[in-house]
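One structure is given here, and the rest of the page talks about it.
Every value quoted in this text rests on a predicted model; they were computed, and no experiment measured them. Side-chain atoms are counted along with the backbone in the values below, which use heavy atoms only and exclude waters and symmetry mates. Per chain, numbering begins at 1; letters A, B, ... match sequence-line order.
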Amino acid sequence: MNSILLGLVVIPLIKYLVVVAIVMTIVAWSTWAERKILGFMQARIGPNRAGPIGLLQPIADGIKLITKEDIIPSRSEKFLHLLGPILVFVPALMLFSVIPFGGESTIFGLLKEPVTLYVTDVNIGMILVLALSSLGIYGLILGGWASNNKYSLMGGLRSAAQMVSYEIPQGFAIVAVLILAGSLSLVRIVEAQAESGMWFIFPGFIAFFIFFVCAVAETNRTPFDLPEAESELVAGYHTEYSGMKFALFFMAEYANMVLVSSIGTVLFLGGWLPPFPSVTRGTMIDLPLFWFFAKVAVFLFLLIWFRATFPRYRFDQLMALGWKWLLPLAILNVIALAMLKLWVFA
Amino acid sequence: MFDIQELELNMGPQHPATHGVLRLVLKIDGERIISVDPHIGYLHRGTEKLFENQSYQANIPHTDRMDYVAAATNNQAYVGAVEKLLGIEVPERAMFIRIILAELQRIASHIVWLGTHALDLGALTPFFYGFREREMILDLFEEYCGARLTLNCMRIGGLPCDVPEGWLDRVREFVELFPEKLQDYHNLLTENRIWKLRTVDVGVISPEEAIDWGLTGPPLRGSGVQWDVRRALPYEVYDRLDFEIPIGNNGDTYDRYLVRMEEMRQSNRILEQCLKLIPEGDIIAKGVKIIKPKPAEVYFSVEAPKGELGFSIVSDGSDKPYRVKVRPPCFVNLQAIETLCKGHLIADVVAVIGTLDIVLGEIDR
């Protein structure tokens, strides 16, 4: 009885808390990294006051946001105004429970028995990811609507339209990978890449491209940052949010960035697999966690780089891109990869 | 029970994209614009009335505060008008230095336009690149007259002081450096697909409409009308300088963008020539200590970065102007905003505000 309790509740709970702690750390310091990298690209310095090279900036920001007054606009729906940011933030964190950060490990011999470096391996993992990540949209719409502000409302509606339309091509891009892997389990997908000896980015580079574009759109990043287009809609759905509620939206955006980067890593870049297994085997850098987070970092860097480079799409152009280009391309790609799987790999 | 009504959206006076305190009342259907109604006056300071209460010389600082991103050309227009009223000949060296200051100011003003316009359309980086170069221009201004923004750098009949030692060499350094930096801005935006999507065919105005609205400056030239006060009604020594007047074909936001980008290059060419041609000599005309013009009425205009900036001065024989009327380019250009925005989306309003390059200090005065 006790061992069941231990296996089903206590260990996953501990693991999940560790994962959340790691993710929140990445989220906090990715804001710092973003500002530093943007600063470098834009011929300026970036944060450099709090701590050495501004490393304590996320902590200072956190303290500032927590101690700030929480302003609730008059005649707003108070409950929904509170529910909005929670609904955005919670699914983003929940999803990290199915992300495989690595295979089995004893963590440098600290533990007697090897543990798996993920909280749980669900056999419908990919569907769970899609389902939960769609839940965040409700938070944006509710938050935008409950604020009693026209800019917020339009921001909320824009983000809903944008995320719904970009989920479809993204779904098809993922289906292409599922065909190659033959499983919905995220762990299986990585193992399939190890077995076939090739990351799925190579057969599925079109799928990867579509996935990445959609990922940028889903995380509301430049050039698809219309829902919060500051020059048009002031701040979009979070115009009327301040203090910790704003911080939840903000952290959710970065958590989502880390999330799509992780999913992209798992689906296309071989998850925790090292790039040249024969070279790195047995060396210092033969660490699954290292490779996983290095790949995630590449994704995050690309997202930040985009922000420094691109202007913003207009709303109708964004929708046209999603429906007229990405969706047909994604469907064709699924068919092509299915044929490839059927005749070449079989 | 339900009836459909248009959403009325207040854009501004506090809004990140309205370049100050412009207030636009938008009627929208979904995101499509039905009407745009600009409300101005949030920065009104009664400048024209203030002109009437001070002597001619004491009015120059007021002109700085109209278009505060292009103070030098404001000074130039005002002192030019008073000189025309008095019939003073300005020494040649002073005219060249004035042109150097004015063209540096034109580049600085266009850089602010480029940065904010790009920022409004979501591109962050040109803003920072541009301000790096603008900083160099402001440093040159500071070295010349002590001020960076509100320059007060011209006097009736000439200039307050000669240029400091080595200043012209530092201007030359800037002139040599700038084309390379301008290419950086081009690389970031000109052929960028998203930038083109956002600007091509947005805010189109035909040459006839542009003339009917009284547009001047890049918004007029973007529609293909070759009208530049520097060429059409040459003042100072512009008739001796060689420069082109870039014009657009379609009258859309992208053409106006290209026109302004090319103007920066042409300004740089003008600077280059001025540095070669500048003679030695006096910097202020003799006998302009006491200014008491005869009763008369004059109008004098210059090509400010944003369009034709004109001063109409009526004198009554005293040492103060009887009436000063300003013809500000931004005020006139802003009128066309509804024509430019109609049928477009909210995001395009932002592009149109950016492309008109308005400064509220000048509109409200």
Greater than 12 external heavy atoms within 6.0 Å of [X]'s [atom1]:
X	atom1	result
A/F209	CZ	no
B/F331	CZ	no
A/Y138	OH	no
B/R172	CZ	yes
A/W32	CH2	yes
A/I53	CD1	yes

Value rounded to 0.5 Å, distance of [atom1] in [X] from [atom2] in [Y]:
X	Y	atom1	atom2	answer
B/L188	A/F310	CG	CZ	10.5 Å
B/L124	A/L38	CG	CG	6.5 Å
B/L119	A/R312	CG	CZ	8.5 Å
B/I28	A/M154	CD1	CE	4.5 Å
A/R44	B/R132	CZ	CZ	12.5 Å

Exercise for review: Carefully, step by step, assess A/M41 and B/T125 under the rule side-chain contact (heavy atoms from CB on, under 4.5 Å).
Suggested key: CA-CA 8 Å; A/M41 288 177 176; B/T125 309; 5.7 Å; no
Exercise for review: Side chain from CB out, backbone as N, CA, C, O: work out which of these in A/Q42 comes under 4.5 Å of a heavy atom of chain B, or both, or neither.
Suggested key: both
Please name the pair of heavy atoms, one in [X] and one in [Y], separated by the smallest distance, quoted to 0.1 Å.
X	Y	result
B/R198	A/Q317	CD-OE1, 3.5 Å
A/Y151	B/N10	OH-O, 2.7 Å
A/T309	B/N192	O-ND2, 4.2 Å

**Study point:** Residue B/L197 versus chain A: region with a heavy atom under 4.5 Å
**Key:** both
Review point. What part of B/L26 lies closer than 4.5 angstrom to a heavy atom of chain A: side chain, backbone, both or neither?
Key: neither
